[in-house]
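Everything quoted here is computed from the prediction, not taken from an experiment. These numbers come from the heavy atoms of this one structure, side chains and all, not from hydrogens, waters or symmetry mates.
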Amino acid sequence: MAASSIPPFGFEIDPEKSRTVTPMRVRFCETDLMGIVHHGSYLVYFEAGRVEWLRRRGVTYADWAARGWHLPVVEAHASYKLPARFDDMLEVETTLTELRAVSMKFSYRIRRDGVLLNEGYTRLGCIDHQHKLLRIPDAMRDILLAGESA
């Protein structure tokens with residue numbers, strides 16, 4: 001990637017290393033009275049995809065929390081295309097799309113049998129245990145930029 005394509009104040013992200021796909025089955029408790037996945041459940045799917053994204057890079061959120069590094073969601077967006085229903089088998093594609101000095105953005109695509117049902121993103125800020133803004137530590141950045149572990 002050319003230097004001019006790196007976002008200002010950001011880090012270059014290798015698209016080959018930044019994506020993880022997580023299978024997920026819709027549970028009954030995630031649906032509404034119409035039998036359709038409730039709109040709020042998609043944010044739960046985003047989080048599940050993000051947690052698995054980290055796990056596949058050899059880290060858990062608890063590992064970082066123990067070091068005093070926290071990543072609260074500061075912005076969330078979801079766009080609903082088609083409904084999912086109880087017992088559907090979904091794929092949650094999670095991609096790190098932006099990494100800056102104190103924040104990151106994950107984008108999500110949720111599909112059933114290859115058909116796009118929902119897409120969105122979350123932006124997470126990096127804070128310390130006192131809830132003060134924290135520059136993303138080098139060790140965290142290295143994991144975020146690495147691909148899935150073998």
query: Would Y108 and T95 count as having a side-chain donor-acceptor pair, cut-off 3.5 Å?
result: no
query: If we only count heavy atoms from C-beta on, is the L90 to V26 side-chain gap below 4.5 Å?
result: yes
query: Do the side chains of H70 and W64 get nearer than 4.5 Å, heavy atoms only?
result: no
F28 backbone acceptor or donor facing T31 side chain under 3.5 Å: yes
- prompt: Atom CZ in R100, atom NZ in K105: separation rounded to 0.5 Å?
  reply: 9.5 Å
message: Taking the side chain as everything from C-beta on, heavy atoms only, tell me whether D128 gets closer than 4.5 Å to K132.
response: yes
message: Under a 3.5 Å distance rule, please check whether R57 uses its side chain to pair with a backbone N or O of I143 as donor and acceptor.
response: no
Pairs of donor and acceptor atoms involving the side chains of residues 71-83, under 3.5 Å and at least two apart or interchain, shall be tabulated with distances.
residue, atom, partner, partner atom, Å
E75, OE2, Y121, OH, 2.9
S79, OG, K81, NZ, 3.1
Y80, OH, H39, O, 3.0
K81, NZ, E119, OE2, 3.4

query: For the hydrophobic clusters of this structure (ILVMFWY residues joined by side-chain heavy atoms under 4.5 Å, transitively), does one cluster hold both L145 and L134?
result: yes
message: Test your reading of the model: is there a side-chain donor-acceptor pair from E52 to the backbone of G49, 3.5 Å cut-off?
response: no
message: Show the nearest heavy-atom pair for residues E30 and S41, with the distance to one decimal.
response: O-OG, 3.1 Å
message: I'd like to know if R85 pairs up with D88 as an ion pair, taking the criterion as any Lys NZ or Arg NE/NH1/NH2 lying under 4.0 Å from an Asp or Glu carboxylate oxygen.
response: no
message: With a 4.5 Å cut-off on side-chain heavy atoms, are C126 and R135 touching?
response: no
message: Grouping I, L, V, M, F, W and Y whenever their side-chain heavy atoms are under 4.5 Å apart, do V92 and L124 come out in a common cluster?
response: yes
- prompt: Out of curiosity, does V21 fall in the hydrophobic cluster containing Y45 (side-chain heavy atoms, cut-off under 4.5 Å, transitive links)?
  reply: no
CZ on R55 to OG1 on T22, rounded to 0.5 Å: 9.5 Å
message: If you apply the rule salt bridge (Lys or Arg N to Asp or Glu O under 4.0 Å), what do you find for R123 with E98, and how did you get there?
response: CA-CA 9 Å; R123 179 172 302 282; E98 188 177 289; 2.8 Å; yes
message: Let me confirm one number: the CZ-CG distance from R19 to D14, rounded to the nearest 0.5 Å.
response: 13.0 Å
message: Within the 4.5 Å heavy-atom criterion, are D87 and R25 side-chain neighbours or not?
response: yes
statement: Closest heavy-atom pair, P23 versus M89, reported as atoms and distance to 0.1 Å, is CB-CE, 3.5 Å
- line: Between S18 and I13 the two heavy atoms that sit nearest each other are CB-CG2, 3.5 Å
field: Residue among T122, L144, T97 satisfying side-chain contact (heavy atoms from CB on, under 4.5 Å) with M104
entry: L144
- request: Would you mind checking if R109 and E93 are paired as a salt bridge, meaning a charged N to carboxylate O distance below 4.0 Å?
  value: yes
- request: Decide whether a cation-pi geometry holds between R56 and W53; the criteria are a distance under 6.0 Å from NZ or CZ to the six-membered ring centre and an angle within 45° of the ring axis.
  value: no
query: In the hydrophobic clustering that connects Ile, Leu, Val, Met, Phe, Trp and Tyr at side-chain heavy-atom distances below 4.5 Å, which members other than L116 occupy its cluster, ordered by chain and number?
result: none
field: Pairwise side-chain contact, I136 with L99, heavy-atom cut-off 4.5 Å (strictly under)
entry: yes
field: Note, V37 side chain near F86 side chain (heavy atom, < 4.5 Å)
entry: no
message: Quick check for you: to the nearest 0.5 Å, what is the distance between S103 atom OG and I127 atom CD1?
response: 13.0 Å
- prompt: Same cluster for F106 and W69 if Ile/Leu/Val/Met/Phe/Trp/Tyr side chains link at under 4.5 Å?
  reply: yes
